[in-house]
Amino acid sequence: MANVVASNSPMKVTVVGGTHGNEYTGVWCIKSLDRRLSPSSSDPTSSKFPNLQISTLLGNPEAHLQNKRFVEQDLNRQFSYKALAESPTDSLEAKRAMEINQLLGPKQFDEENESGGTNANVIIDLHTTTTNMGTTLIVGEGNSLMTQCAAYVVHKCGEKGDNVCVLMHTHQTQKARPHLASIAPNPLSIEVGPVPQGVLRHDIVEKTQQALEAALEFLEKHKSEPKALQQELKTYFPSGQVPCYRSAPAKRAGEMSSKIPWPCDPSNRNFPSWMVHKNVQDTDFKEIRTGDPLFVDLDGTTIPYDGSHGSPVLLMFINEGGYYYSSSGTGISVACRDNYSLDSGELIV
């Protein structure tokens, strides 16, 4: 269920970039947004969203300065309620997570209802991927506000020729989610690729800004004309169902979601002993079957898919640079194709 903002109060929206320091697109976008929101700017952004109180945040400044995903630990794995409640200070990112939680949260839950902090009603976290996943919106199942927001973005970006996918969050509850955006009661992550880490690409920046603009437009309409917005959504999705993907359930202990792992070099656990086969590269959201080429070893021998996750299966985050880090979970993610209810945001079984 979405956390509803009082109709007479502005919706507090924080846009985050640089949660992973070497994902430059999000940092560019928040810097650009800051300029557009400046009182001295001639850009009409502020006047377009009078019911939104928009702010920005650079997620991991030190990692960004060093052009690294993270310095000691992945910041986007530090925000489960359990981790925050323990108040860890054993790494730079753990300390930064506590700072962000106080700034935007705190992330709070009671026994009956999940509710985020009061300092941000919505967090939109901007990410990039080295994979060929295009524009992907990551939302939590059952959050009707943000799943409807995702549906709106899918349609609006589609009108401009950009194919956008919705990915349901791995974790069932927001309380357990370790990602930065989960501090707020209404989180959304926008992930766009392919783009190398530490690199800016004009087209990827434009796609990210296009998705962000559509998300802000939805939130403004939700505040100013909610009934008209609901009718608009129903014309876009007359069946009442929205296509989406979700991660297959994890098969190994400690995993957030199902992955086909590659073995790692004994001398460096962040360096794979197998690389992704050329036939699989850039085929995100496509099927693979038992016996199809999947990896190649140092001798040039092809390692076929062994059917361990079923056959056929859909793959995503294929050759994601962030997943070379063992702490982020190595391997290729396995996906399932689904639909969710436009009204409730729940998966349709």
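- By the 4.0 Å N-to-carboxylate-O rule, Lys95 lies too far from Glu99 to be salt-bridged with it.
- The cluster map of Ile, Leu, Val, Met, Phe, Trp and Tyr, joined by side-chain heavy atoms under 4.5 Å apart, puts Leu126 and Phe317 in different clusters.
- Remark: the backbone N or O of Ser326 is paired with a side-chain donor or acceptor of Asn270 at under 3.5 angstrom.
- At a threshold of 4.5 Å between side-chain heavy atoms, the hydrophobic network of Ile, Leu, Val, Met, Phe, Trp and Tyr places Ile138 and Leu145 in two separate groups.
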Steps toward salt bridge (Lys or Arg N to Asp or Glu O under 4.0 Å) verdict (Glu93, Arg96): CA-CA 5 Å; Glu93 278 78 16; Arg96 180 59 174 160; over 6 Å; no
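- A salt bridge links Arg201 with Asp203: the distance from a Lys NZ or Arg NE/NH1/NH2 to an Asp or Glu carboxylate oxygen falls below 4.0 Å.
- Under the 4.5 Å side-chain contact rule for hydrophobic residues, Leu103 and Ile123 share a cluster.
- A chain of hydrophobic side-chain contacts below 4.5 Å, direct or via other Ile, Leu, Val, Met, Phe, Trp or Tyr residues, connects Met11 to Ile124.
- For the residue pair Ala151 and Tyr340, the shortest heavy atom distance occurs at N-OH, 3.6 Å.
- Note: the hydrophobic cluster containing Tyr236 also contains Val164 (ILVMFWY, side chain heavy atoms under 4.5 Å, direct or indirect links).
- Taking the six-membered ring where tryptophan is involved, the planes of His127 and His20 are perpendicular, since the angle between them exceeds 60° and thus also 30°.
- Contact annotation: the side chain of Asn132 never approaches that of Thr283 to less than 4.5 Å [non-hydrogen atoms, C-beta and beyond].
- Atom SG of Cys336 and atom CG of Leu167 lie 10.5 Å apart (nearest 0.5 Å).
- Taking 4.5 Å as the limit, every side-chain heavy atom of Val199 sits out of range of all side-chain heavy atoms of Thr128.
- Summarising the geometry of Asn67 relative to Gly198, their closest heavy-atom pair is OD1-CA, 3.4 Å, with the distance given to 0.1 Å.
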His179 and Phe79: CA distance, side-chain angles, deciding distance, side chain to side chain contact (heavy atoms under 4.5 Å, CB included) verdict: CA-CA 5 Å; His179 305 97; Phe79 292 93; 5.8 Å; no
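- Both tests hold for Lys259 against Tyr323: distance to the six-membered ring centre under 6.0 Å, angle to the ring axis within 45°.
- Under the 30°/60° scheme for interplanar angles, the aromatic rings of His64 and Tyr24 are found to stand perpendicular.
- At least one side-chain heavy atom of Met168 sits under 4.5 Å from a side-chain heavy atom of Thr147.
- Atoms CD and CG, on Gln148 and Leu229 in that order, are 7.0 Å from each other to the nearest 0.5 Å.
- The aromatic rings of Trp262 and Phe295 lie perpendicular to each other, with more than 60° between the two planes, well past the 30° mark.
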